[in-house]
Amino acid sequence: QVHLVESGGGMVQAGGSLRLSCAASGRTFSNTAMAWFRQAPGKEREFVAAITGSGSKTNYADSVKGRFTISRDNAKNTVYLQMNNLNPEETAVYYCAADLFPLTTTSRPSKYDYWGQGTQVTVSA
């Protein structure tokens, strides 16, 4: 069992920044690929970013490249998502996810074994 708890959500004005955190427990964190997804009202859950267990490779959705940065601190069992230049269309619940048997930094939600409860991000115009 892997337990994931997101934090750092809140309200920010358009063009602003937020940093999300996801604390993991229950497995060897350094062997687990991690990802962020988001789900806006009335929309499907979509991939945002992923990172390998070592942090050596990352993958981003095209819509966030150059603005978002995923990182991890394995000593703290925590993954982060730095979000810059946010726009109102990115208002959503943001979820972290864990892949215990990673082949790559996949964007497919079905590949991920465990999910957090999500944290709300609201971007006002």
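Being a predicted model, the structure only gives us computed values, none of them experimental.
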Donor-acceptor under 3.5 Å ([X] side chain, [Y] main chain):
{"X": "R72", "Y": "A33", "result": "no"}
{"X": "E6", "Y": "C96", "result": "yes"}
{"X": "T78", "Y": "K76", "result": "yes"}
{"X": "T91", "Y": "V123", "result": "yes"}
{"X": "R67", "Y": "N85", "result": "yes"}
{"X": "D99", "Y": "T105", "result": "no"}
{"X": "K57", "Y": "A50", "result": "no"}

Calculate, to the nearest 0.5 Å, the distance between atoms OH and OG belonging to Y94 and S7 respectively.
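Separation between the atoms: 15.0 Å.
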
Taking atom CG of N31 and atom OG of S54, what is their separation to the nearest 0.5 Å?
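If we round to the nearest 0.5 Å, N31:CG and S54:OG are 10.0 Å apart.
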
In terms of ring plane angle, is the pair W115 and F37 parallel, tilted or perpendicular, where the classes change at 30° and 60°?
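The arrangement is tilted - the two ring planes meet at 30° to 60°.
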
Which heavy atom in K65 sits nearest to a heavy atom in D62, and how many Å separate them?
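K65 and D62 have their closest heavy atoms at NZ-OD1, 3.1 Å.
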
If you take all heavy atoms of A40 and A92, which pair is closest and at what distance?
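Scanning both residues completely, I find the closest heavy atoms to be N-CB, 3.7 Å.
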
So with a 6.0 Å cut-off around CD of Q1, is the heavy-atom count from everything else above 12?
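Yes, because the 6.0 Å sphere around CD of Q1 holds more than 12 heavy atoms from other groups.
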
Hydrophobic cluster identity match, [X] and [Y], side-chain contacts under 4.5 Å:
{"X": "Y114", "Y": "Y80", "value": "no"}
{"X": "V64", "Y": "F47", "value": "no"}
{"X": "V121", "Y": "M34", "value": "yes"}

Atom pairs and distances, side-chain donor-acceptor, residues 12-20, under 3.5 Å, sequence neighbours left out:
residue	atom	partner	partner atom	Å
S17	OG	N84	OD1	2.9

Any side-chain heavy-atom pair from V79 and I51 closer than 4.5 angstrom?
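Sidechains of I51 and V79: in contact.
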
State, yes or no, whether a side-chain contact exists between L4 and Y95 at a heavy-atom distance under 4.5 Å.
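No, every pair of side-chain atoms sits at 4.5 Å or beyond.
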
Only one of N59, I70, L81 passes side-chain contact (heavy atoms from CB on, under 4.5 Å) with V48; say which it is.
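When side-chain contact (heavy atoms from CB on, under 4.5 Å) is applied between V48 and each of N59, I70, L81, only L81 qualifies.
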
Are the aromatic rings of W36 and F68 close, with centres under 6.0 Å apart?
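Between F68 and W36, which both carry aromatic rings, the centre distance is not below 6.0 Å.
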
